[in-house]
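Each remark here refers to the structure printed beneath this line.
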Amino acid sequence: MQVANTKEHIANLILDLRKTNTSIGFVPTMGALHEGHLSLINKALQENEVVFVSIFVNPTQFENKKDLKNYPRTLNRDIELLKTVSKTRIFVYAPSVEDIYIKNVRSIRFNFDGLENEMEGEFRDGHFDGVGTIVKRLFEIITPDKAYFGEKDFQQLQIIRKLVEKNNLPVKIIGCKIHREPSGLAMSSRNERLSPEHKAASPFIYKTLQAAKKKFGTKSATKITAWVKKQFENNELLVLEYFIIADTDTLKPVKRKSHLKKYRAFIAVHAGEIRLIDNIALN
Ligand code: PAF
């Protein structure tokens, strides 16, 4: 398996692949790969001749220094795992911070038509500028035909779509279903940092989302939100940060339901030191 650490190395690989009109899929990651990532990579392998996987813990998208420091970094294990999927059709880009940012470790400021101000945007200052900056940079370096993003970070997925639309980037964005552990917990690299008791408590998040979905047919968003808050008040291990029912396209909280629109429920919860997010389609 080819592992490139520099954009020059990537440029040479891409040049060769383009000579033979090879289709290129791309899965950006921050490493600590799990089955959720592998499901994106397998989908990309089905739809493209080769797949580039970037492994880069992007400093500019962390508003919390401690979270950046503690983010799991498992490059060798990640590479071994990718080799079990394909040694010939997967290429890895694992750059240094300097290779991406040169000397300026800063985000570009983006306008995503307000998508960036909702939910995660409200609680994670500058996060989506950091995500936009790195994803745009990676698209420029890899020049993929298609790029794959998980729906667990649904707001991020919508923001990347907006980034592509506004900048006329020649890449097709593919959203992929949330991959869950058997308990229902949405797969995330952060899950491995959960304490055993928080891990045991965490399936409650998806169970509550499923219950909210059931209620959505008959109850108002306000009533469901109040009900969800109550469930978490009674939970000693999980602290609710937000629960919001929002329009899938604008991500604005729903005021009055319309049968013409699609809605999703979004949730963020603190499980001890770990912040978990999840979401569910409601209609
Ligand atoms: O979803 C992630 O893992 C990251 O936000 C991404 C898209 C790899 C950018 O750093």
Side-chain angles (χ1 to χ4, degrees), residues 7 10 25-41 43-44 51-64 67-75 77-78 81-82 90-97 99-101 105-108 110 112 115-116 118-121 123-142 144 146-164 167 169 171-180 186-193 251 266 268 274-279:
K7 47 187 180 299
I10 291 287
F26 176 42
V27 181
T29 82
M30 296 204 298
L33 301 182
H34 50 69
E35 275 184 44
H37 293 113
L38 296 190
S39 74
L40 301 187
I41 292 165
K43 189 168 167 63
V51 172
F52 279 71
V53 177
S54 63
I55 298 180
F56 179 64
V57 182
N58 172 38
T60 63
Q61 72 187 73
F62 286 82
E63 74 295 346
N64 177 334
D67 194 22
L68 171 62
K69 187 168 160 270
N70 291 336
Y71 201 86
R73 289 160 172 88
T74 56
L75 183 60
R77 193 182 85 187
D78 292 344
L81 187 63
L82 290 174
I90 297 178
F91 296 78
V92 175
Y93 177 39
S96 62
V97 172
D99 195 55
I100 294 285
Y101 287 100
V105 189
R106 282 232 195 112
S107 304
I108 304 166
F110 288 96
F112 296 118
L115 293 176
E116 71 277 28
E118 306 298 332
M119 300 179 289
E120 291 299 285
F123 289 90
R124 301 188 64 187
D125 195 24
H127 171 66
F128 288 118
D129 282 335
V131 171
T133 303
I134 184 62
V135 171
K136 186 163 181 287
R137 190 81 196 98
L138 290 168
F139 284 172
E140 285 159 0
I141 294 169
I142 314 251
K146 294 182 183 168
Y148 297 77
F149 293 85
E151 285 185 348
K152 184 180 82 68
D153 299 295
F154 193 85
Q155 186 173 12
Q156 166 173 283
L157 170 63
Q158 296 299 60
I159 281 178
I160 304 293
R161 290 198 164 113
K162 187 64 80 178
L163 173 84
V164 165
N167 294 278
L169 303 177
V171 51
K172 186 163 181 215
I173 302 303
I174 315 282
C176 305
K177 295 243 164 309
I178 300 176
H179 211 76
R180 297 185 180 280
M187 286 203 177
S188 161
S189 305
R190 289 189 167 88
N191 294 357
E192 59 183 74
R193 288 172 51 214
L251 301 181
F266 297 87
I274 310 304
R275 187 172 179 276
L276 300 169
I277 60 169
D278 200 348
N279 66 83

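The residues of the chain are indexed from 1 along the displayed sequence. Atoms within a ligand are numbered from 1 in the order they appear, just like the ligands themselves.
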What verdict does the salt bridge (charged side-chain N to carboxylate O under 4.0 Å, His left out) test give for Arg275 and Glu63, after you've listed the backbone C-alpha separation in whole Å, the side-chain angles of each residue and the deciding distance to 0.1 Å? CA-CA 13 Å; Arg275 187 172 179 276; Glu63 74 295 346; over 6 Å; no

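- Of the protein's non-hydrogen atoms, Met30 CG, 3.8 Å is the one closest to atom 3 (O) of ligand 1.
- If you look at Ile160 next to ligand 1, there are no close heavy atoms at all, none under 4.0 Å.
- The closest protein non-hydrogen atom to atom 5 (O) of ligand 1 is Gln156 OE1, 2.7 Å.
- The protein heavy-atom contact nearest to atom 4 (C) of ligand 1 is Gln61 NE2, 3.6 Å.
- When the shell of 6.0 Å around CZ of Arg106 is examined, it contains 12 or fewer heavy atoms from other residues, nucleotides or ligands.
- Within a 6.0 Å radius of CD in Glu35, other residues, nucleotides and ligands contribute 12 heavy atoms or fewer.
- Centroid-to-centroid, the aromatic rings of Tyr71 and Phe62 come within less than 6.0 Å.
- Here the shortest heavy-atom pairing between Ile55 and Gly31 reads CG2-CA, 3.7 Å.
- The atoms of ligand 1 that sit less than 4.0 Å from any heavy atom of Pro28 are 8 (C).
- Near Ile134, meaning under 4.0 Å from one of its heavy atoms, ligand 1 places the atoms 9 (C), 10 (O).
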